[in-house]
Amino acid sequence: MGTNRLEGEMIDQENKMMAKFKKEREEKIGNITFTMIKPEAVVANNIGGILKMIEEGGFRIVAMKKVHLSKERASEFYAVHSERPFYGELVDYMCESPIIAAILEKDNAVLDFRTLIGATNPADAAEGTIRAEFAESLAKNAVHGSDSDENANIEADFHFSAEERF
Ligand code: CMP
């Protein structure tokens, strides 16, 4: 019994170390981005359609979960926009219903994902992009995508521990 528990603890420790090394490697290479499928797209049953475009775009899903953000968590996530006039509306909207949060991996992930999702305002989004296909408006624009490697890592860490990435 005692030995089994010790073995279990050692394996657990090893898994945590491996996850930590993997996360550090991802950050060094800069090949990850972070995305959220936003409330209106989740409610409209567009999770599958959006994930299909993401996978067909060559991205690998490293981590993913469905989560209902609290007002505090949504405010913290979007704190960089706290001085903008739309901040309150953005925070309220992001905790209206659950979202999908995910870390995606690909060479040149941040820029390639921004190309795949299209312009922030769907009215300007190129044909064939996720926002052109699924977004309703500037505020309800279906998906979020990180704007830099640095923010990709901050946002990924906001939602996922090292042990949740595979
Ligand atoms: P996102 O990529 O998630 O980053 C910040 C979000 O704020 C952006 O997508 C838009 O959904 C939202 N946003 C940007 N500008 C406006 C605006 N003028 N009014 C409402 N929401 C906005």
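We count ligands from 1, going down the list as the structure has it; atoms in each ligand are counted the same way. Just so we're clear, the structure is a prediction, and the values are computed from it rather than from any experiment.
At the shortest separation from atom 4 (O) of ligand 1 among protein heavy atoms lies Tyr78 CE2, 3.7 Å. Here the protein heavy atom with the shortest distance to atom 18 (N) of ligand 1 is Leu138 CD2, 3.4 Å. Of the protein's non-hydrogen atoms, the one nearest atom 7 (O) of ligand 1 is Phe86 CE1, 3.4 Å. Summary of contacts: the protein heavy atom closest to atom 5 (C) of ligand 1 is His81 NE2, 3.5 Å.
Using a non-hydrogen distance threshold of 4.0 Å, Tyr93 does not register as a contact of ligand 1.
Below 4.0 Å from some heavy atom of Lys38 lie the following atoms of ligand 1, by number and element: 1 (P), 3 (O), 8 (C), 9 (O), 11 (O). Those atoms of ligand 1 that come under 4.0 Å of a heavy atom in Arg131, given as number and element, are 2 (O).
Within the 3.5 Å criterion, the main-chain N or O of Asp149 finds a donor-acceptor partner in the side chain of Asn153. With hydrogens and angles disregarded, no donor-acceptor distance shorter than 3.5 Å links the side chain of His144 to the backbone of Ile37. With hydrogens and angles ignored, the 3.5 Å screen pairs no side-chain donor or acceptor of Arg165 with any backbone N or O of Ala63.
Two rings, from Phe77 and Phe34, have their centers less than 6.0 Å apart.
Considering backbone and side-chain atoms alike, His144 places an N or O below 3.5 Å from some N or O of ligand 1.
Look at Glu163 and Lys16 and you find no salt bridge, because none of the NZ, NE, NH1 or NH2 atoms lies under 4.0 Å from a carboxylate O.
Distance CG/Asp107 to CZ/Phe59: 10.0 Å, rounded to 0.5 Å.
At a heavy-atom cutoff of 4.0 Å, ligand 1 is contacted by the side chain of Asn141 but not by its backbone. The proximity of Met36 to ligand 1, defined as any non-hydrogen pair under 4.0 Å, does not occur for either the backbone or the side chain.
Neither side chain, Glu164 nor His159, offers a donor N or O lying under 3.5 Å from an acceptor on the other.
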